[in-house]
Peer 1: 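The structure follows.
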Amino acid sequence: MSEARVALVTGSSSGIGAAVARLLAADGVRVVVNSARSVDAGRALAAELPGAVYVQADVSDETQATRLVERTIEEFGRLDILVNNAGTTRFIPHDDLAAASPDVWRDLFDVNVMGVWHTITAAVPHLKASGSGCVVNVSSQAGVRPGGSSIPYAVSKAAVNHMTRLLAKTLGPEVRVNAVAPGLIDTPWYDGLDPVAAEGAKSHVAGVVPLRRVGTADDVARAVVDLTTAAYMTGEVLLVDGGGHLLG
Ligand SMILES: NC(=O)c1ccc[n+]([C@@H]2O[C@H](COP(=O)([O-])OP(=O)(O)OC[C@H]3O[C@@H](n4cnc5c(N)ncnc54)[C@H](OP(=O)(O)O)[C@@H]3O)[C@@H](O)[C@H]2O)c1
């Protein structure tokens, strides 16, 4: 069994997840890098990080998510940190109710909610065995305040926040469960939006939030990594939004 702590970071081929994987690896943590589709990017990141491996898996699929946790144990013999970062959305104006179809709801919930559930349920025995196991879910400010890329997305992240609190009550004292809720973070996430709209959203946020800039993947990664060592915190949803939640 490896002596170093081991982390599984879902959706870590890009953006926030990649920044989390880098920071954890810099702290000497062995990291499993994961994505569903961007295999080359995931492999390239794992090759860059000391002791990291890449495992392809779609977390919305229970069998693949379970296998992802099993592969982590096969590689490293332990699991101390589970970062549920994989997520997806559709950019749908909130008043376009027809566009937020049942298929969209199901797709977003399968990844953003069930994906979190699948990895946690598979990981719990290993996190308990760790002696200091923890989960950090990457939620969204959209799950706290009524905004975000679409209504199904915002509701999925609100579900993740509530799951975080329920599991923190259930899994203590062995396993801590927290979440970070980012505001607008400049990552490839916005590649799914019309470039003019994406730039408009970024400059709007940078103009109004108290810290007067959009967030970076490193801003969120720092908060995630801090939560992995915050030994007396559980059930917390930590906003990382430049103070955006303070706006009326
Ligand atoms: N950027 C923001 O403004 C913002 C704000 C609030 C919250 N967030 C949250 O932050 C998290 C990361 O987003 P990001 O901004 O870093 O976006 P990103 O750069 O697009 O990264 C998303 C990552 O998730 C992976 N992924 C998507 N579906 C997956 C699945 N079913 N199974 C495994 N991996 C999957 C992607 O890989 P593949 O698709 O290639 O498989 C990619 O590695 C998401 O949960 C998002 O909801 C982002």
Side-chain angles (χ1 to χ4, degrees), residues 8-22 31-46 54-69 71 82-91 106-119 136-145 147-150 152-161 163-164 179-193 197-198 201-202 204-206 209 213-221 223-224 237-242 244-245:
L8 166 57
V9 185
T10 70
S12 45
S13 60
S14 166
I16 293 167
V20 171
R22 284 200 172 90
V31 178
V32 174
V33 176
N34 155 261
S35 65
R37 286 158 291 273
S38 49
V39 177
D40 290 347
R43 284 198 178 126
L45 177 61
Y54 171 77
V55 178
Q56 180 182 13
D58 180 340
V59 296
S60 70
D61 179 300
E62 184 181 8
T63 305
Q64 292 186 42
T66 303
R67 187 75 197 116
L68 173 62
V69 172
R71 282 287 311 280
L82 170 62
V83 180
N84 281 308
N85 169 77
T88 191
T89 196
R90 305 281 195 289
F91 292 91
R106 275 188 282 270
D107 284 353
L108 298 195
F109 267 65
D110 278 350
V111 178
N112 297 353
V113 182
M114 295 314 301
V116 173
W117 183 255
H118 295 325
T119 55
V136 182
N137 296 323
V138 179
S139 164
S140 173
Q141 187 196 51
V144 179
R145 285 172 60 90
S149 46
S150 66
Y153 173 76
V155 176
S156 75
K157 293 299 191 176
V160 169
N161 291 342
M163 193 198 301
T164 299
V180 295
L184 196 155
I185 310 299
D186 196 5
T187 71
W189 186 256
Y190 294 94
D191 294 354
L193 186 59
K202 289 176 195 173
H204 170 72
V205 167
V209 298
R213 63 175 178 85
V214 297
T216 65
D218 282 339
D219 290 325
V220 183
V224 170
V237 177
L238 196 64
L239 283 152
V240 185
D241 65 352
H245 64 284

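We count ligands from 1, going down the list as the structure has it; atoms in each ligand are counted the same way. Residues: numbered from 1 along the sequence shown.
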Peer 1: Can you tell me how the ring of Trp189 sits relative to the ring of Phe91, calling it parallel under 30°, perpendicular over 60° and tilted otherwise?
Peer 2: perpendicular
Peer 1: Testing the 3.5 Å rule here: is there a donor-acceptor pair between the side chains of Thr216 and Asp219?
Peer 2: yes
Peer 1: Considering residues at least two apart in sequence or located in another chain, which fulfil the salt bridge (Lys or Arg N to Asp or Glu O under 4.0 Å) criterion with Arg145?
Peer 2: none
Peer 1: For ligand 1, give me the residues whose heavy-atom distance to it is below 4.0 Å, by chain and number please.
Peer 2: Gly11, Ser12, Ser13, Ser14, Gly15, Ile16, Asn34, Ser35, Ala36, Arg37, Ser38, Ala57, Asp58, Val59, Asn85, Ala86, Gly87, Val111, Val138, Ser139, Ser140, Tyr153, Lys157, Pro182, Gly183, Leu184, Ile185, Thr187, Pro188, Trp189, Tyr190
Peer 1: List the atom pairs, donor and acceptor, that lie under 3.5 Å between side-chain atoms in residues 82-90 and the rest of the protein, sequence neighbours left out.
Peer 2:
residue, atom, partner, partner atom, Å
Asn84, OD1, Thr119, OG1, 2.5
Asn84, ND2, Asn137, OD1, 3.0
Asn85, ND2, Thr10, O, 3.4
Asn85, ND2, Gly11, O, 2.8
Thr89, OG1, Ser149, OG, 2.7
Arg90, NH2, Asp107, OD2, 2.8

Peer 1: Can you sort out the partners of Ala154 under side-chain contact (heavy atoms from CB on, under 4.5 Å), two or more places apart, ordered by chain and number?
Peer 2: Ala142
Peer 1: Counting only N and O atoms by type, is there a donor-acceptor contact under 3.5 Å from the side chain of Asn34 to the main-chain atoms of Ala57?
Peer 2: yes
